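Please read all numbers here as calculations on a predicted model, not as lab measurements. Reminder, nothing fancy here: chain letters follow the sequence lines and each chain counts from 1. Just so you know, these numbers use all the heavy atoms, side chains as well, and skip hydrogens, waters and symmetry mates.
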2 protein chains.
Amino acid sequence: MAVLVKTNRRVTLAARPEGFPKDSDFALDEAEVGEPGPGEVLVRTLWVSVDPYQRGRMSEARSYAKSLELGDVITSQSLGEVVESQDARLSPGDLVVGQLGWQEYAVARGGSVRRVPEFLDPPTLALHVVGMTGMTAYFGLLDVGQPKPGDTVVVSGAAGAVGQIVGQIAKLMGCRTIGIAGGPDKCTDCTLYGYDVAIDYKAADFRNALKAGCPDGVDVYFDNVGGEVSAGVHARLNVGARIVICGQVSQYNLERPEPTFHPGLLIVHRARMEGFLVTDYAHRYDEAAVRLARWVAEGSIRWREDVTEGLENAPAAFMGMLRGENRGKALVKVAERGG
Amino acid sequence: MAVLVKTNRRVTLAARPEGFPKDSDFALDEAEVGEPGPGEVLVRTLWVSVDPYQRGRMSEARSYAKSLELGDVITSQSLGEVVESQDARLSPGDLVVGQLGWQEYAVARGGSVRRVPEFLDPPTLALHVVGMTGMTAYFGLLDVGQPKPGDTVVVSGAAGAVGQIVGQIAKLMGCRTIGIAGGPDKCTDCTLYGYDVAIDYKAADFRNALKAGCPDGVDVYFDNVGGEVSAGVHARLNVGARIVICGQVSQYNLERPEPTFHPGLLIVHRARMEGFLVTDYAHRYDEAAVRLARWVAEGSIRWREDVTEGLENAPAAFMGMLRGENRGKALVKVAERGG
C-alpha cells in the first residue's frame with residue numbers, strides 16, 4: 001500500500017449556494033498531492049485570493065466561464081512557491097501566481113503560471129495591484145473607459161480591490177475622481193486611495209451627494225456593483241459617457257439578476273455601456289504589470305491588504321468580502337515561504 | 001387693417017399626451033405666413049414626415065432635444081419648394097428638406113435646409129432612404145454596430161422606416177440578416193427588403209423562432225423597439241456583440257420607461273451597448289447621402305412609402321405609425337409641386 005508522504009488540504013464546493021453562500025456550501029478535505037508530469041510544476045500555496053467573481057463559478061447559470069462541479073476545488077488566483085519542476089523555465093523556490101485554487105498544493109502547466117519578480121515587495125502584490133485586480137482596473141479603465149484629462153470618473157465599489165486601483169489610475173490620467181462605497185470607514189479608505197470625493201451609498205442623501213459631487217456630470221462610470229447605486233449614477237451621465245461594466249456584485253446572490261437599466265438612456269446621452277473580462281487582455285498583461293509595478297514603486301498607487309490566516313478560513317473570508325466587511329484586498333495566508 | 005394674403009395651416013401641440021397620444025393632443029390652426037429676412041428662405045411644404053422620435057418631443061421629460069411647448073408646431077422633417085429666397089445659394093423652385101414642421105409654410109435659414117438633387121426620383125427619398133431614416137440606418141449600423149462580413153445582424157422594427165434600410169445595408173456588407181417585425185404582413189415586407197429570415201414577435205413561438213433563426217448567435221443587434229422583444233435577442237448574443245440603441249418605441253408611451261436590462265449580461269458576452277443620434281453625424285451627411293443614393297439607383301436598396309393625404313391627417317398618420325399600422329415609410333402629402 002502506498003503511504004501518503006504529503007496530504008493536500010483543499011476547500012471544495014459541497015453545495016451550490018442558494019442566494020447568499022453559507023458555511024455548509026464548502027467542505028475541507030484532504031487528497032494526495034499530485035505528481036508533476038513533463039512540462040508541469042508542483043506549487044506549494046502561500047496565499048490564496050478571495051474575489052467576487054468566484055461566486056459566479058459556484059452557480060450553474062451560463063456565464064463566461066465553466067461552472068464548478070460539486071466536489072471541485074474552489075477556483076482562485078494563488079501565490080505559491082515551486083517545489084518540483086518539470087518545466088525548464090521554472091525552478092524550485094521560484095514564486096509564481098496562477099489559477100491554482102483554494103488548496104495547499106497544485107500541479108499546473110509551467111506555461112499557465114506567471115513568475116513573480118523578486119523585486120516585488122511584498123510578493124502578494126502579484127495577487128492584487130500587480131495582479132488580476134490591478135489589471136482589471138488598468139484595462140477596464142484605460143481601454144474600455146478611455147478617460148481624458150479633466151473627465152469626471154465615478155467608481156462604485158471604490159474601496160474594493162479593483163475600485164481602489166481604478167481611482168488612482170484615473171488620477172494619474174488627470175481625471176477628477178468620485179468614489180462610491182458603503183459606510184463611513186470605507187469612505188475614509190477612499191480618501192486614502194486619493195479619491196477627490198467619497199460618497200456613502202448607504203447614507204440617506206446618497207443621490208443629492210452624488211449630484212453635489214459631480215457638478216459637471218459623469219464622463220466615465222466604472223461599475224463594480226450595479227443595482228440601485230448604478231441607477232443613481234446613470235441619472236448624471238454626460239453626453240458621450242462611457243459605462244464600464246466590470247462587476248455587478250449587488251446582483252450575484254439573487255436568484256436571477258434584476259433588470260435595473262433601460263437602454264433608451266443611452267440614446268439621450270449618446271453613451272456607451274460595455275462589459276469586459278480581464279482574461280481577454282492576457283496578451284497585454286506584461287504591459288500592465290510593468291506600469292502598475294512602477295506606479296507602486298513610485299508611491300503613486302497605494303494599497304491595503306485584509307489578511308485572514310489559514311486556508312480553512314477562506315470560506316469565511318469570502319463571505320465577509322461579499323458582505324463588504326473587508327478593508328483592502330481580501331487575501332488568505334496559507335503558509336510561510338520555505339516552510 | 002392688414003389683409004392676410006396667404007394663411008399658413010399648422011398642426012400644433014394642444015396638450016402633452018398622457019400615455020398613447022390622442023386626437024385632442026393636436027390642434028389645427030392658421031397663422032400668417034412669415035417673411036424671410038436676410039439669409040432666410042420661405043418654403044412651401046409638399047410632404048411632411050411622421051417618425052417615432054416626435055413622441056419624445058411632446059413630453060416634458062429631459063431628453064436629447066428641447067421639448068415642444070404647448071402651441072408649438074409639431075417638429076418634423078419636411079420636403080418643400082423654395083418660394084422666396086434671401087439666401088444667394090437657393091432660388092425659388094428649388095426643392096429642399098429640413099426640420100420645417102407640420103405646416104404649409106416655413107421660414108428657415110438657408111443654411112439649415114438641404115437642397116434635394118434633381119436626379120432623386122421620387123424626391124420624397126430625401127425624407128427617408130436618402131434622408132434622416134437612411135442616415136440613421138447608415139451611421140447606426142456602420143459606425144456604431146461595425147458589422148463584419150459573415151456576422152449575424154438582428155434588427156427589431158425591421159419593417160419600419162429605419163429597420164428596412166438597416167437590413168439592406170447589412171446585406172450589402174456581407175452579413176446574414178434577421179428581421180423582427182409584428183405580424184405576418186410585416187414579416188412579408190421584411191422578405192421584400194431582403195432579410196434572410198423574418199420573425200414575428202407577436203407569434204407564440206417568438207423565442208424559439210429567434211433561436212432557430214440565429215444558429216450562430218447574434219453579433220450585431222440594431223434595436224429600434226426595446227422591451228421584451230429585445231430581452232429575447234439579448235439571450236442570444238455572441239461574445240463581442242454590439243447592441244446599437246437607435247430607438248425604444250415600445251417604451252415611448254409609458255409613464256416612465258421600464259428597466260428591462262441587467263448590465264451584467266454585457267460582462268458575460270463582453271458586449272457593447274451604445275446609443276447614438278443621427279444629428280451627431282451632420283458633418284458626414286454628404287458621405288451617407290452619396291452612398292445611399294447610389295444604392296437606390298443600382299436597385300440595391302428597396303423601399304416602400306405609406307402615404308396619407310392632407311396635412312390635417314398628420315396626427316392620425318402619426319398615431320397609426322406608433323401602433324405599427326404603416327407599411328413602409330409613413331409620409332403625409334401636403335401639396336403638389338408648383339401648385
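- Nearest heavy atoms, B:T260 versus A:P263: OG1-CD, 3.8 Å.
- Remark: B:Q248 CD to A:L265 CG distance equals 10.5 Å, nearest 0.5 Å.
- Residue contact with chain B, scored on non-hydrogen atoms closer than 4.5 Å, involves the backbone of A:E258 exclusively.
- For the options A:G56, A:C246, A:A65, heavy-atom pairs under 4.5 Å to chain B are most numerous at A:C246.
- Within the 4.5 Å cutoff, side-chain heavy atoms of A:M273 are placed close to those of B:L266.
- Ranked by heavy-atom pairs shorter than 4.5 Å toward chain B, the options A:Q251, A:H262, A:R242 are led by A:H262.
- Scored by the ring pair (Phe, Tyr, Trp, His ring centres under 6.0 Å) test, A:Y281 finds A:F139 as partners (sequence neighbours excluded).
- Heavy atoms closer than 4.5 Å to chain B are found nowhere in A:A241, neither backbone nor side chain.
- In this structure, the portion of B:D280 lying under 4.5 Å from any heavy atom of chain A is its side chain and not its backbone.
- When the shell of 6.0 Å around CD of B:E287 is examined, it contains more than 12 heavy atoms from other residues, nucleotides or ligands.
- Remark: A:E325 CD is packed, more than 12 non-hydrogen atoms of other residues, nucleotides or ligands lying under 6.0 Å away.
- With sequence neighbours excluded, no residue forms a salt bridge (Lys or Arg N to Asp or Glu O under 4.0 Å) with B:D216.
- Around the NZ atom of B:K22, the shell of radius 6.0 Å holds more than 12 heavy atoms that belong to other residues, nucleotides or ligands.
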